[in-house]
Amino acid sequence: GINNLEVEFYDGGYEKLASGMRNLKTVAIILVVVSVATTLAVLFFFIFMFISKQKKRTAIERSLGMTKKKCMLSMLYGIIVVIFIGTIAGSFIGFNITNFVMSNSIETGEELYSTTFSNWVNNSDKMAELSETSVSANPLVPIFICIAVIIVSLVISFVFIKNNLKAEPLKLLSKSEE
């Protein structure tokens with residue numbers, strides 16, 4: 001029978017910390033989406049430029065008697081070499097940079113969130129100390145990303161090569177350079 005009873009729990013500033021972590025998660029998701037879009041745009045641009053510049057070469061090869069399959073493989077070899085080297089180097093360098101940044105952020109010995117001058121923590125000395133843990137990036141992530149980029153680039157390459165091979169070689173060779 002108590003009216004207007006209010007109960008307040010002091011969570012030691014957890015709610016403010018949790019909201020900051022949610023904001024960081026949102027920023028991380030946005031960065032991942034932007035980086036995926038950028039990677040796809042670069043792949044489309046590179047493959048488009050590489051294959052569209054090869055139309056005349058493909059027409060000459062087909063006129064000399066190469067089959068469409070051999071022409072496709074000929075174009076794929078060049079793309080595969082460049083994409084494999086770029087993807088593997090990028091994944092390796094990204095993995096090493098991530099490990100470096102993560103290890104340096106843990107080894108500084110400083111708290112990740114300083115509450116010294118904060119008005120929402122009653123006693124900063126009562127806060128739980130951060131336990132030092134060995135944090136490193138998962139090596140499966142760059143391997144997965146590398147494989148995914150290679151598969152996506154091969155699919156995009158096949159689409160562009162199929163469109164390139166649709167053109168008749170004699171029509172292409174008879175056109176004047178524009």
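Closest non-hydrogen pair, P142 versus N138, comes out as CD-O, 3.2 Å. Between K53 and M49, the closest heavy-atom pair is CG-O, 2.9 Å. For the pair F50 and M75, the tightest heavy-atom approach, listed with the atom from each and the gap, is CE2-O, 3.7 Å.
Note that CE of M66 is 5.0 Å distant from OG of S74, once rounded to the nearest 0.5 Å. A distance of 5.0 Å separates CD1 in I80 from CG in L154, rounded to the nearest 0.5 Å. Atom-to-atom distance recorded for L73:CG and K68:NZ is 14.5 Å, nearest 0.5 angstrom. Rounded to the nearest 0.5 Å, atoms OG1 (T58) and NZ (K70) are 15.0 Å apart. The distance from the CD1 atom of I150 to the CD1 atom of I79 is 13.0 Å, given to the nearest 0.5 Å. Here CG of L140 is found 11.5 Å from CD1 of I145. Values are rounded to the nearest 0.5 Å.
Between I161 and Q54 the shortest side-chain heavy-atom distance does not fall below 4.5 Å. Using a 4.5 Å heavy-atom threshold, the side chains of L76 and F158 count as touching. You'll find the side chain of C146 reaches within 4.5 Å of the side chain of I88, heavy atoms only.
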Under the side-chain contact (heavy atoms from CB on, under 4.5 Å) criterion, do F46 and V82 qualify, and how do the steps go? CA-CA 10 Å; F46 171 73; V82 172; 3.4 Å; yes

Worked verdict on K25 versus M21 for side-chain contact (heavy atoms from CB on, under 4.5 Å): CA-CA 6 Å; K25 182 180 177 182; M21 294 300 283; over 6 Å; no

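Side-chain heavy atoms closer than 4.5 Å link hydrophobic residues (I, L, V, M, F, W, Y) into clusters, and following such links, even through other members, never connects I83 to I93. Residues I156 and I151 are members of separate hydrophobic clusters, defined by side-chain heavy-atom contacts under 4.5 angstrom among Ile, Leu, Val, Met, Phe, Trp and Tyr. Side-chain heavy atoms closer than 4.5 Å link hydrophobic residues (I, L, V, M, F, W, Y) into clusters, and following such links, possibly through other members, connects F44 to F48. Hydrophobic clustering places F160 together with M72 (ILVMFWY residues linked when any side-chain heavy atoms are closer than 4.5 Å, directly or through intermediates). Side-chain heavy atoms closer than 4.5 Å link hydrophobic residues (I, L, V, M, F, W, Y) into clusters, and following such links, even through other members, never connects F84 to F92.
In this structure a side-chain-to-backbone donor-acceptor pair under 3.5 Å is present from S157 to S153. Side-chain N or O atoms of S35 include one that pairs as donor or acceptor with a backbone N or O of V32 at under 3.5 Å.
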